[in-house]
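Remarks on the structure that follows.
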Amino acid sequence: MRTTKQELYNLVERINRMAKHKDYAIHYAYGQPRLERADGSVNVSPRLPAREMKLWLEAYWQGLASLK
């Protein structure tokens with residue numbers, strides 16, 4: 001099944017809620033997403049195909065959840 005941009009945006013919203021701030025955003029270049037700080041100043045993830053980015057974001061969210 002294809003991963004949509006909306007799925008990635010929803011995962012980033014979950015991450016932002018977990019992190020208690022709206023500091024992360026998905027930015028696209030060369031057709032591939034990357035998790036960055038909302039202002040684009042820091043790359044948080046590597047640039048990945050959407051399907052792998054979804055897995056990466058889910059793992060990142062799980063890591064944040066384990067810290068709580």
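Residues: numbered from 1 along the sequence shown.
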Requested in this report: Hey, could you give me each pair passing salt bridge (Lys or Arg N to Asp or Glu O under 4.0 Å) that has a residue in residues 43-61? Not counting sequence neighbours.
Outcome: Glu7-Lys54

Query raised in the report: Between Pro49 and Pro33, which heavy-atom pair has the shortest distance, and what is it?
Result: C-CD, 4.3 Å

Report summary line: Sorted by chain and residue number, the side-chain hydrogen bond (donor to acceptor under 3.5 Å, both in side chains) partners of Asn10 (sequence neighbours excluded) come out as Gln6

Report task. For Ala19, check side-chain contact (heavy atoms from CB on, under 4.5 Å) against everything at least two apart and list the hits. Result -> His21, Tyr24

**Report entry** Euclidean distance, Leu64 CG relative to Asn16 CG, rounded to 0.5 Å
**Finding:** 10.0 Å

**Report entry** Any residue meeting side-chain contact (heavy atoms from CB on, under 4.5 Å) with Ser41, in chain and number order, not counting sequence neighbours
**Finding:** Arg37, Asp39

**Report entry** Derivation and outcome, side chain to side chain contact (heavy atoms under 4.5 Å, CB included), residues Glu36 and Val44
**Finding:** CA-CA 5 Å; Glu36 298 178 352; Val44 180; 5.5 Å; no

Query - Sequence-distant partners of Gln62, side-chain contact (heavy atoms from CB on, under 4.5 Å), two or more places apart - result: none

Requested in this report: Might you work through the side chain to side chain contact (heavy atoms under 4.5 Å, CB included) test for Thr3 and Met53, ending with a clear yes or no?
Outcome: CA-CA 9 Å; Thr3 300; Met53 178 55 69; over 6 Å; no

Requested in this report: Determine, using the 4.5 Å side-chain heavy-atom cutoff (strictly less than), whether Val42 and Trp61 are members of one ILVMFWY cluster.
Outcome: no

Requested in this report: Please round to the nearest 0.5 Å and tell me the distance separating atom CG of Leu35 and atom CG of Leu57.
Outcome: 5.5 Å

Report task. Kindly determine whether Leu48 and Leu55 satisfy side chain to side chain contact (heavy atoms under 4.5 Å, CB included), including the steps that lead there. Result -> CA-CA 10 Å; Leu48 298 167; Leu55 295 172; over 6 Å; no

Query raised in the report: With Trp56, which residues qualify under ring pair (Phe, Tyr, Trp, His ring centres under 6.0 Å), at least two apart?
Result: Tyr60

